[in-house]
S.K.: 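If you scroll down you'll find the structure; I have some questions about it.
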Protein chains: 2
Amino acid sequence: MILDQRREEILQLIEQHGFVSLQELVTRLGASESTVRRDLEFLDGIGQIRRTRGGAAYTGESLTPFEERRVRETTEKEKIGKAVAELIQPGETILLDGGTTTLEVARSLVGKRLQVVTNSLPIANLLAQQASIELILIGGYLYPRTGVALGPLAEASLAELNVPRVIMSAGGITEKGLFNSNSLLVECERRMIKAAEEVWVVADSSKFGRSALTFLCELSSVTRMIVDSGLSDSWREIVLKAGVELTVIDV
Amino acid sequence: MILDQRREEILQLIEQHGFVSLQELVTRLGASESTVRRDLEFLDGIGQIRRTRGGAAYTGESLTPFEERRVRETTEKEKIGKAVAELIQPGETILLDGGTTTLEVARSLVGKRLQVVTNSLPIANLLAQQASIELILIGGYLYPRTGVALGPLAEASLAELNVPRVIMSAGGITEKGLFNSNSLLVECERRMIKAAEEVWVVADSSKFGRSALTFLCELSSVTRMIVDSGLSDSWREIVLKAGVELTVIDV
DNA sequence: CGGATTTCAATCAAAATCCGTCAAAATCAT
DNA sequence: ATGATTTTGACGGATTTTGATTGAAATCCG
């Protein structure tokens, strides 16, 4: 089996089940233990999973990450979220992608008068209570762990929409463009880009230089990026050269 | 079993019940006493639970206050929910309408292997975490009070679906048929009926004889009704005469 | 109070898992 | 085709986790 293909399969298995044992991966994939170990090591390295003794757990963009209950430190994301919220005018309509950073954006939108479209269950939960926000939910197959609606139903719904702005997250960003872990998700995000006139990407600086398994789009497709100040000068240059408006948030 | 998985499971059990004895954890998890002790020690260390003699209690942030959880009596709705869940076979696909009674049904579905389609945010929240349940969300304009997705988007999504069974709630039931309060909701529920081969209605007996603003459908459109035993004989007769299969639950 | 019972903590050997190394196999570039 | 590079699978020692045992501590009950 091809390397990337196998890794994608591993990632999907882990995403779907939350935990998968090494032994199960070995038997499911028909690869040797060593190989699976190396794959897990790699996926752990790019931050998509967390290795645990006996197997691996999902951490990517998770709804309730076990690990993160220990220490809640998300200041960068929080600040990015606040900054993005300030860029949005009352009365606007925005399309909000799933993800932990976009969730922080949603948190900061509380109280504003807006129309929000989203396929993320956690975001919907957060904003559903808000009388000032009109919320439109994109339906679909609810992907476990991350709680985003994907698949044909989601894609069909998005095809009918037209919004001035989408705010997206990314699993990884390189000079080639944006990446995400899961092909279903990427397909859905492509539709979001199509449905929107402007594409904003929120990301903490750790995402830069980190690839993920599936290519989403080129940097030039992005209108604006909002990143924390941990971003190196060389990355800033790359982003600006691609014609992306860059907003750097001090943390 | 993988270490973290087991610890997560322990945490969930304790979170769910408030307190769980060590012995119960041992039997439920099939791990040795020593192992469970070590896990409790760890979870206590990170502040998620508090060890007590003979078991452990939950201390983490709770969704519902502790008192509420203990005192909550088993209502009619809960019993109806349990009964309905028992009528459903593993592997089935069901469409679940929003509503407090259907939410109780969803609660009782936890742990079963099913495919569930719903437009209700509370139900989606409940089932999203369940690995055994494949969840499909119907999108749409999210109606603030009840948290159900309605409107054109929801209707279009439903038009493309075909499920063997829908489980619906009703605001009111008279000999004329079913009623609900809100015309957007009713329009959506009509699509649900169209999308399903069998229509099951769950209702507590207080709903009978009570009308509501908008007419939904005639009694004869319903395949089966599940009601608590508070239902009078005359109502039973009316329901049966309309060709509805009636299941009465003792409370 | 004092003995019986339960629960706890510490210890230890066995089992499972991990890591590094290495050679075989596959893939790539020339 | 050939040599270089990457990927794979296997092996052995190191490490971690597990379950059983045992004596101490806490709790219960008469």
Side-chain angles (χ1 to χ4, degrees), chain A residues 1-60 65-71 172 174 176 179 181 183 209-215, chain B residues 1-60:
Chain A
M1 188 189 292
I2 309 294
L3 184 140
D4 277 343
Q5 196 178 343
R6 190 184 58 237
R7 288 184 178 168
E8 169 129 20
E9 202 161 320
I10 290 176
L11 191 53
Q12 288 203 0
L13 280 168
I14 295 173
E15 269 183 338
Q16 275 173 23
H17 297 90
F19 291 96
V20 181
S21 78
L22 187 122
Q23 278 313 314
E24 184 163 15
L25 287 173
V26 167
T27 54
R28 284 223 196 195
L29 299 168
S32 80
E33 200 178 292
S34 299
T35 301
V36 177
R37 274 186 205 291
R38 273 185 285 254
D39 289 338
L40 293 184
E41 197 172 7
F42 169 78
L43 289 169
D44 189 309
I46 65 170
Q48 290 295 319
I49 63 164
R50 182 171 51 87
R51 290 189 67 185
T52 67
R53 200 172 183 82
Y58 187 66
T59 62
F66 186 56
E67 189 80 20
E68 267 157 46
R69 283 202 220 183
R70 304 180 193 187
V71 252
T174 75
K176 292 211 165 72
F179 291 79
S181 55
S183 46
R210 181 192 284 180
S211 173
L213 292 175
T214 315
F215 176 74
Chain B
M1 188 189 292
I2 297 170
L3 183 141
D4 272 352
Q5 189 175 0
R6 191 185 57 236
R7 288 182 178 168
E8 176 82 305
E9 204 161 315
I10 290 175
L11 194 52
Q12 277 189 13
L13 281 167
I14 295 174
E15 186 169 351
Q16 217 166 353
H17 297 93
F19 175 88
V20 182
S21 78
L22 187 125
Q23 277 313 314
E24 184 164 14
L25 288 173
V26 167
T27 54
R28 283 224 197 194
L29 299 167
S32 78
E33 198 180 297
S34 301
T35 302
V36 176
R37 273 186 204 291
R38 274 185 285 250
D39 288 339
L40 293 182
E41 194 177 348
F42 170 79
L43 289 169
D44 188 85
I46 65 171
Q48 286 296 318
I49 63 166
R50 186 175 4 226
R51 291 189 67 184
T52 64
R53 185 150 259 271
Y58 189 66
T59 61

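This is a predicted model, so every value here is computed, not measured.
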S.K.: In whole angstrom, give the distance that lies between atom CD of A:E33 and atom C1' of D:dC11.
M.R.: 11 Å
S.K.: Nearest whole Å is fine: how far is D:dT7 P from A:I10 CD1?
M.R.: 14 Å
S.K.: If you measure from OG on B:S21 to CD1 on B:I14, what distance do you get to the nearest 0.5 Å?
M.R.: 10.0 Å
S.K.: Looking at A:R7, is its backbone amide N or carbonyl O close enough to the side chain of A:D39 to form a donor-acceptor pair, meaning the two atoms are under 3.5 Å apart?
M.R.: no
S.K.: Report yes if the side chains of A:R50 and A:T52 come closer than 4.5 Å at any heavy-atom pair, otherwise no.
M.R.: yes
S.K.: Describe the nucleic acid contact of A:S21 in one word from base, sugar-phosphate, nothing, applying a heavy-atom distance below 4.0 Å.
M.R.: nothing
S.K.: So, is B:T35 close to the D:dT18 phosphate, meaning a side-chain N or O under 4.0 Å from OP1 or OP2?
M.R.: no
S.K.: Return yes if the base of D:dG19 and the side-chain atoms of B:R38 contain a donor-acceptor N/O pair under 3.5 Å, otherwise no.
M.R.: yes
S.K.: To the nearest 0.5 Å, what is the distance between CG (B:L29) and CD (B:Q5)?
M.R.: 10.5 Å
S.K.: Is the phosphate of D:dT18, meaning OP1 or OP2, less than 4.0 Å from a side-chain N or O of B:R6?
M.R.: yes
S.K.: Between P on D:dT15 and CZ on A:R53, what's the gap in Å once rounded to a whole number?
M.R.: 11 Å
S.K.: Rounding to an integer number of Å, can you tell me how far B:I2 CD1 sits from D:dT18 P?
M.R.: 11 Å
S.K.: Under 3.5 Å for both donor-acceptor distances, Watson-Crick or wobble: does D:dG30 have a partner, and if so which one?
M.R.: C:dC1
S.K.: I'd like the 5' and 3' limits of the part of DNA chain C contacted by chain A, with heavy-atom contacts below 4.0 Å.
M.R.: C:dA16 to C:dC19
S.K.: Are A:S34 and D:dG9 close enough that a side-chain N or O sits under 4.0 Å from OP1 or OP2?
M.R.: no
S.K.: I need the CD-P distance between B:E41 and D:dT17, as an integer number of Å.
M.R.: 13 Å
S.K.: Output, in order, the C-alpha distance, side-chain angles, deciding distance and verdict of salt bridge (charged side-chain N to carboxylate O under 4.0 Å, His left out) for A:R37 and A:E33.
M.R.: CA-CA 6 Å; A:R37 274 186 205 291; A:E33 200 178 292; 2.8 Å; yes
S.K.: Specify the separation, in whole Å, of atom CG of A:L25 and atom P of D:dG9.
M.R.: 14 Å
S.K.: Using side-chain contact (heavy atoms from CB on, under 4.5 Å), reason through B:I10 and B:L40 one step at a time and then give a plain yes or no.
M.R.: CA-CA 8 Å; B:I10 290 175; B:L40 293 182; 3.9 Å; yes
S.K.: Measure from CZ on B:F42 to P on D:dT16 and round the result to the nearest Å.
M.R.: 15 Å
S.K.: For A:D44 versus A:R51, what's the shortest heavy-atom pair and its separation?
M.R.: OD2-N, 2.8 Å
S.K.: Identify, between A:G54 and B:L22, the residue whose nearest nucleotide on DNA chain C lies closer to the 5' end.
M.R.: B:L22
